2 protein chains.
Amino acid sequence: MASIATIQINVNEKLFLRNPEHTELGRNIISNSIILIEKIGFENFTFKKLAAEIKSTEASIYRYFENKHKLLIYLVSWYWSWMEYQVDFQTNNIEDPEKKLDIVIDILTQTSRFDPQFLHINEDALYRIVIDESAKAYLTKDVDADNKEGFFLGYKSLCRKLAGFVIEMKPDFKYPRGLMSTLIEASHHQKFFSEHLPSLTEVSESEGGSGEVSEYLRYLIFQLLKN
Amino acid sequence: MASIATIQINVNEKLFLRNPEHTELGRNIISNSIILIEKIGFENFTFKKLAAEIKSTEASIYRYFENKHKLLIYLVSWYWSWMEYQVDFQTNNIEDPEKKLDIVIDILTQTSRFDPQFLHINEDALYRIVIDESAKAYLTKDVDADNKEGFFLGYKSLCRKLAGFVIEMKPDFKYPRGLMSTLIEASHHQKFFSEHLPSLTEVSESEGGSGEVSEYLRYLIFQLLKN
DNA sequence: CCTTATTGATAGTATTACCATCGCAGTAAC
DNA sequence: GTTACTGCGATGGTAATACTATCAATAAGG
């Protein structure tokens with residue numbers, strides 16, 4: 001757990017103009033954009049407001065990111081990359097694919113996610129951003145162009161990995177990737193609905209733990225994958 | 001089928017300043033906003049551009065809708081209301097809840113949707129908007145306020161109706177509404193993925209009919225609801 | 001024919017989403 | 001100790017967006 005080796009979270013280099021991990025200002029941009037987007041929402045978020053937060057200037061932030069949409073994709077990509085690392089780490093040495101999927105559902109739904117390896121990233125706030133805003137990263141007229149640039153490789157890679165577990169569990173299953181993308185999306189919108197539009201689901205989120213969303217998802221997945 | 005009685009599609013009155021159904025300009029706004037949003041995407045859509053399309057002015061459009069977000073919610077609400085009508089109509093006199101859910105999946109996924117009762121509404125374009133943009137109607141910091149105003153009643157009402165079919169089919173099922181909101185959301189994102197991020201799903205959309213998305217959804221739902 | 005409602009025309013404001021330029025401070029190089 | 005480079009802050013500017021206000025023309029209703 002407390003090893004010294006550092007893992008790297010890879011995000012597509014085309015997402016930024018200057019790598020924010022390499023400088024103090026860059027890390028500050030990342031760190032505070034997470035807090036600010038979570039707080040005021042992506043549509044109300046501007047580079048000007050962020051600049052004020054970190055006592056820098058709009059122009060300086062534009063040196064790192066072309067626009068706020070690229071920044072959002074950057075954050076979401078980081079998240080997917082980090083999630084895949086979590087999955088790798090926590091399913092390592094586990095044989096049983098059912099157990100692996102069980103762990104995946106835990107990882108997808110757990111609310112408290114602090115990772116001491118990335119001190120400038122507030123994973124809990126980032127998780128909220130993923131729930132509330134991540135769909136906006138791809139629901140644009142630029143999806144196809146962005147996809148060609150490889151901006152969604154993180155999501156795809158995670159989805160492929162989870163689909164692998166499904167295949168291990170049930171080799172003849174027809175929709176491993178479809179089911180896993182449904183699982184991931186459902187983990188977000190069921191949580192969102194439970195908090196904001198509760199009549200759209202029976203699931204409710206009172207507890208702090210991984211709660212009822214995970215129960216629902218577990219039921220869904222294993223009901224389908226058990227013969 | 002070709003009855004003279006007109007049905008009404010209800011949308012929350014708070015969504016508009018002046019009822020667009022009541023005037024020529026209003027219907028023009030609706031009709032062309034659907035075309036234009038579908039064409040250029042919601043973020044690029046402005047009232048100014050719409051005004052140019054319909055040879056009116058920005059100010060005139062603002063007399064109908066407070067802002068473009070309310071217009072989006074209006075369109076999406078109209079869609080839900082219309083979908084619920086479709087479900088009522090097409091499941092009428094059908095006893096078997098399984099058959100009813102089967103019809104629901106058809107309705108949710110069919111691509112060609114022209115309804116001669118609403119000549120000023122291009123249902124096909126509206127369906128594309130729902131797939132690409134409808135999540136943006138609720139994924140905002142105003143969800144709770146908007147929800148209090150009743151802006152999402154259409155979605156909720158449809159979800160409740162479909163959940164009723166689930167209960168008829170399997171009275172002890174634990175997540176009827178959760179499953180139906182998952183079904184609806186999945187019908188959108190699986191279609192979106194199949195067209196734009198195909199490695200996130202096995203489902204592909206070559207055909208014009210209700211295609212592979214509906215097959216996947218049918219598998220999902222009935223696998224879960226059959227004991 | 002008069003009243004009222006509806007629209008078009010015009011103008012104006014605040015904010016957003018950028019881009020360009022300049023100069024300074026720190027560092028590293030010779 | 002000068003040179004050169006990088007990163008950043010400061011300033012200023014532009015075009016577009018998201019509205020609001022005012023007024024005149026006109027169509028519709030009584």
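Protein chains get the first letters and strands the later ones, always in sequence-line order, with residue 1 at the start of each. These figures come from a predicted structure and were not determined experimentally.
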For F65(B), report the nucleic acid contact type (base, sugar-phosphate, nothing); a contact means any heavy atom under 4.0 Å. nothing

Nearest to the Y64(B) side chain among dT6(C), dG8(C), dG9(D), which nucleotide is it? dT6(C)

Is the shortest distance from a Lys or Arg side-chain nitrogen in R27(B) or E21(B) to a carboxylate oxygen in the other one below 4.0 Å? no

Does K141(B) NZ have over 12 foreign heavy atoms under 6.0 Å away? yes

E195(B)/R128(B) salt bridge by N-O under 4.0 Å criterion: yes

Separation of R18(B) atom CZ from dT6(C) atom C1', in whole Å? 6 Å

Length of the CD1-C1' vector between I40(B) and dT17(D), whole Å: 13 Å

Any chance you could list the contact pattern along nucleotides 18-30 of chain D? Use B for base contacts, S for sugar-phosphate-only contacts and - for none, protein heavy atoms under 4.0 Å, 5' to 3'. BBBBB--------

Can you tell me which residue among E84(B), E123(B), R113(B) is in a side-chain hydrogen bond (donor to acceptor under 3.5 Å, both in side chains) with Y79(B)? R113(B)

Can you tell which of dT16(C), dC8(D), dT17(D) lies closest to the side chain of K48(B)? dT17(D)

Which residues in residues 25-35 of chain B have a heavy atom closer than 4.0 Å to any atom of DNA chain C? L25(B)

Ring-plane angle category for F45(B) and F47(B), please: parallel below 30°, perpendicular beyond 60°, tilted otherwise. perpendicular

Length of the CD1-P vector between I61(A) and dT11(D), whole Å: 16 Å

is_close_aromatic(W80(A), F152(A)), centroid dist under 6.0 Å: no

Where does the angle between the aromatic ring planes of H189(A) and H189(B) fall among parallel (under 30°), tilted (30 to 60°) and perpendicular (over 60°)? tilted

Of the options dT16(C), dA10(D), dG8(C), whose atoms approach the side-chain atoms of S56(B) most closely? dG8(C)

Whole-Å distance, L71(B) CG to dT17(D) P, equals 16 Å

Choose from dT17(D), dG7(D), dT16(C) the nucleotide whose nearest atom is closest to any side-chain atom of K49(A). dT16(C)

note: L17(A), atom CG; dT6(D), atom P; distance rounded to Å ~ 16 Å

Rounding to a whole Å, what distance do you find between H22(A):NE2 and dT6(D):C1'? 14 Å

Assert yes or no for the condition that the ring centre distance of F151(A) to Y138(A) is strictly below 6.0 Å. no

Ion pair present between E43(B) and K136(A), side-chain N to carboxylate O less than 4.0 angstrom? no

